[in-house]
Amino acid sequence: MCSIIGYSGNENAAPVIVKGLRRMEYRGYDSVGVATESNNHIELKKGVGKVEVVNSKFQLDDLPGSIGIGHTRWATHGKVTDANAHPHPSNSGKIAIVHNGIIENFDELKENLKKDGYSFQSETDSEVIANLLQKNYENLNDVKNTMIKTVSELRGHYSFIAMFENGQLAAARYHEPLIIGIGKEKYFLSSDVLGFIEQTDDVIYIDNGNFVLIDQEKMQILDFDGNEIKPQITKVSKEFADVYKGDYAHFTLKEISEQSETIFKAGETTKDSIKKSSDYLKNAKNIYLTGSGTSHNASLVGKYLLSKYAKIKSESIIASEMPFSENIIEPNSLLIALSQSGESADVLEAVNIAKKSNCKIIAILNSLTSTLARESDCVIGMNCGPEIGVAATKSFTSQLIILYKIIQELSDEKMVIDFQEISSSISQILMEHNKIKKLANEIKDISDIYVLGRGIHYPIAIESALKIKELTYIHAEGIAGGELKHGPLALMDSSVFVIIINPGDSTYQDTLMSAREIKARGAKIIGISDKSSDVYDYWIQIPKTHELTFPISETIPIQLLSYYAALEKDTDPDYPRNLAKSVTVK
Ligand code: F6R
């Protein structure tokens with residue numbers, strides 16, 4: 001969603017904050033702002049656009065002082081305007097806040113504050129926090145008691161940082177991430193370690209329902225009742241620092257290209273968990289898989305793998321549907337939750353629902369320090385390094401590899417899965433990128449693309465359509481091969497492109513037949529297959545391999561096609577419009 005950052009130290013705060021915001025832009029990037037304190041006075045600059053754009057327009061990093069706060073926004077309440085950008089000052093200008101999350105009772109709080117004479121400059125829910133803090137501070141004259149009173153009045157999911165004109169910082173966490181970075185004579189507050197990782201790897205993860213006070217002398221953590229909490233400092237992996245694009249034009253291209261390597265790391269640092277999770281699976285009464293977006297698509301692959309290779313029945317449920325699927329979870333069952341970030345609000349809610357039914361939770365995730373990791377009984381790490389591009393790419397293939405490792409562990413006479421062969425297939429496909437680039441040029445002006453697959457390739461078709469939508473803004477839909485004649489065939493004419501996922505396995509003949517039916521209606525066919533056919537107008541060859549390699553081999557060319565089509569259409573592949581990397585609100 002949004003990212004928040006705070007800094008109190010011995011350097012100029014604004015450049016440090018701007019640098020941190022650039023790194024956290026994946027969380028939201030429609031507007032940006034910074035406020036700093038100097039000589040007991042708060043100065044603030046903000047505007048619509050990405051960090052680079054707003055900074056060169058307003059020189060955010062020129063703001064004076066060694067204490068400050070910053071924000072990148074992903075709009076929830078109120079349009080994308082300069083006024084709605086954060087930080088928000090209180091009416092007196094003596095307090096400024098940045099906020100991530102949603103204040104559910106903001107309407108009621110706003111009305112009450114208006115009755116007390118407060119006015120509002122934005123349409124956001126966040127601005128009430130600034131004025132509520134001002135009102136409480138004027139009454140209590142003490143930052144600690146002001147925070148206790150304020151958090152007791154707020155409802156919703158939030159983390160916020162408030163800066164007072166005397167240079168004190170105060171920050172609270174309630175169901176949104178908040179992390180302290182501890183450097184030499186300096187403190188950082190941030191939504192993500194990426195906000196400060198270049199400066200320190202000593203961090204404190206703030207627990208839900210706690211708040212932090214930082215002034216020139218000390219840092220204190222307290223619970224919402226005001227009891228002091230003993231800080232627990234952890235070291236984060238330096239690998240987090242690997243968030244540069246290097247020679248790549250975009251993070252998305254870098255992350256697509258890394259997959260021949262990242263697949264080897266999937267599950268590696270949490271090897272015991274693969275064994276533990278297979279024990280859970282063997283003993284579970286019922287098994288469910290859940291996730292959102294790409295992670296849900298991986299869960300659909302998981303369901304196929306479990307039934308085909310381990311003869312285990314399972315159910316895949318979209319995380320956001322869980323609250324509306326009454327009685328779907330049998331008590332004392334097992335839920336496998338997949339999530340790159342481990343912070344998706346929908347996934348956390350699904351986990352919460354399952355836990356209420358006394359289910360065990362296995363988490364397959366990239367961020368081992370995320371909320372989901374802490375909520376789970378067994379954690380399996382993707383270890384694919386930070387994924388900055390908003391569209392999930394390498395995390396998807398890492399999720400599949402972990403699922404492969406689980407079924408390998410479950411199989412009686414240990415299935416042999418050749419991970420080297422999977423990696424070589426990825427490398428081979430990546431070498432074809434010039435051919436895929438040309439195809440991207442052909443599809444750039446098309447308004448509808450369909451992706452068809454059967455069996456285990458159907459979730460890949462859905463995932464492919466999702467990638468095309470996100471990166472190119474072209475309408476795309478995944479179709480289960482057999483469903484073609486039950487409706488989608490009506491859409492086929494010479495104006496559409498259809499990508500046929502057709503590896504030489506048990507789905508091959510039926511899918512080839514579907515391709516012919518489509519071709520007869522005039523649509524252009526892109527075949528993704530290890531076998532050529534006259535039915536394909538364009539053939540993307542994938543290596544002939546073990547059937548388990550196919551889902552990964554099929555995914556890579558479509559990631560590349562979506563990336564290059566985004567370039568053709570002059571959209572930003574790293575930051576698709578209206579989206580954010582981790583969706584921490586419902
Ligand atoms: C798609 C995409 C999203 C995420 C979804 C879940 O490319 O990035 O659909 O997959 O928001 O995110 P995580 O996996 O972090 O829970």
Side-chain angles (χ1 to χ4, degrees), residues 2-11 13 16-17 19-21 23-24 27 66-71 97-101 143-144 147-148 151 157-164 167-241 243 341-343 348 365-376 379 381 386 582 584:
C2 306
S3 70
I4 59 173
I5 186 164
Y7 174 84
S8 174
N10 46 18
E11 302 150 80
V16 178
I17 289 171
K19 205 165 182 188
L21 290 176
R23 289 190 154 210
M24 292 197 291
R27 297 180 63 86
S66 58
I67 295 162
I69 55 177
H71 188 268
I97 65 101
V98 285
H99 163 229
N100 169 34
V143 175
K144 175 180 156 187
M147 286 296 281
I148 295 171
V151 294
H157 286 212
Y158 57 80
S159 60
F160 70 83
I161 309 173
M163 181 171 66
F164 292 74
Q168 264 192 286
L169 292 181
R173 174 179 182 206
Y174 196 65
H175 293 295
E176 293 292 346
L178 182 65
I179 302 162
I180 305 178
I182 305 162
K184 201 159 177 271
E185 292 171 29
K186 53 190 156 195
Y187 290 105
F188 301 84
L189 289 157
S190 180
S191 304
D192 189 318
V193 289
L194 293 180
F196 54 75
I197 189 68
E198 273 176 349
Q199 299 251 5
T200 178
D201 55 357
D202 285 327
V203 310
I204 301 170
Y205 289 93
I206 301 301
D207 278 335
N208 219 20
N210 286 350
F211 69 94
V212 186
L213 300 176
I214 296 173
D215 61 24
Q216 308 299 47
E217 273 110 59
K218 63 177 188 309
M219 185 270 297
Q220 257 186 308
I221 304 172
L222 303 107
D223 66 21
F224 279 5
D225 294 323
N227 305 306
E228 197 154 347
I229 306 286
K230 196 167 172 294
Q232 286 206 338
I233 302 177
T234 4
K235 279 226 178 284
V236 290
S237 162
K238 274 286 187 196
E239 151 210 81
F240 274 106
V243 286
S341 60
E343 297 292 352
L348 294 175
L365 40 68
N366 201 20
S367 173
L368 293 173
T369 49
S370 58
T371 310
L372 178 58
R374 276 174 273 151
E375 294 291 320
S376 303
V379 171
S582 54
T584 60

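Computed over heavy atoms, backbone and side chain alike; hydrogens, waters and symmetry mates excluded. Nothing here was measured: the structure is a model prediction, and the numbers come from that model.
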Worked check of side-chain contact (heavy atoms from CB on, under 4.5 Å) between Gln199 and Lys19: CA-CA 11 Å; Gln199 299 251 5; Lys19 205 165 182 188; over 6 Å; no
Shortest non-hydrogen contact from Leu368 toward Ala373: O-CB, 3.2 Å
Rounded distance [0.5 Å steps], CZ in Phe196 versus CG in Asp202: 9.5 Å
Closest contact, heavy atoms only, Leu365 versus Gly342: CD2-CA, 4.4 Å
Euclidean distance, Asn208 CG relative to Thr371 OG1, rounded to 0.5 Å: 7.5 Å
4.5 Å side-chain heavy-atom contact, Arg23 and Ile197: yes
Parallel, tilted or perpendicular: ring planes of Tyr158 versus Phe224, cut at 30 and 60 degrees: parallel
Which atom of Ala162 lies closest to which atom of Phe164, heavy atoms considered: CB-CE1, 4.0 Å
Approximate separation, where rounding is to 0.5 Å, of Lys235 NZ and Thr200 OG1: 6.5 Å
Test log, rule side-chain contact (heavy atoms from CB on, under 4.5 Å), inputs Tyr174 and Val151: CA-CA 9 Å; Tyr174 196 65; Val151 294; over 6 Å; no
Heavy-atom donor-acceptor pair, Asp225 side chain to Asn227 backbone, under 3.5 Å: no
pair Asp215-Gln168: side-chain heavy atoms closer than 4.5 Å: yes
Check: Ile214 and Phe188 side chains under 4.5 Å, non-hydrogen atoms: no
Side chain proximity check, Ile221 to Ile204, heavy atoms < 4.5 angstrom: yes
Spacing of CD belonging to Glu375 relative to CG belonging to Leu348, to within rounding of 0.5 Å: 7.0 Å
Between CG on residue Leu178 and CG on residue Asn100, distance to nearest 0.5 Å: 9.5 Å
For the student: nearest non-hydrogen atoms of Ile4 and Ser191, plus distance: N-OG, 2.9 Å
From CA spacing to verdict: side-chain contact (heavy atoms from CB on, under 4.5 Å), Met219, Leu189: CA-CA 11 Å; Met219 185 270 297; Leu189 289 157; over 6 Å; no
Backbone N/O of Glu343 and side chain of Ser370: donor-acceptor pair under 3.5 Å: no
Heavy-atom closest contact (Gly195 atom, Ile5 atom, distance): O-CD1, 3.5 Å
Distance-minimising heavy-atom pair for Tyr187 and Ile182: CE2-CG2, 4.0 Å
Test log, rule side-chain contact (heavy atoms from CB on, under 4.5 Å), inputs Ser190 and Met24: CA-CA 9 Å; Ser190 180; Met24 292 197 291; 3.3 Å; yes
Value rounded to 0.5 Å, distance of CD in Glu228 from CG in Leu213: 9.0 Å
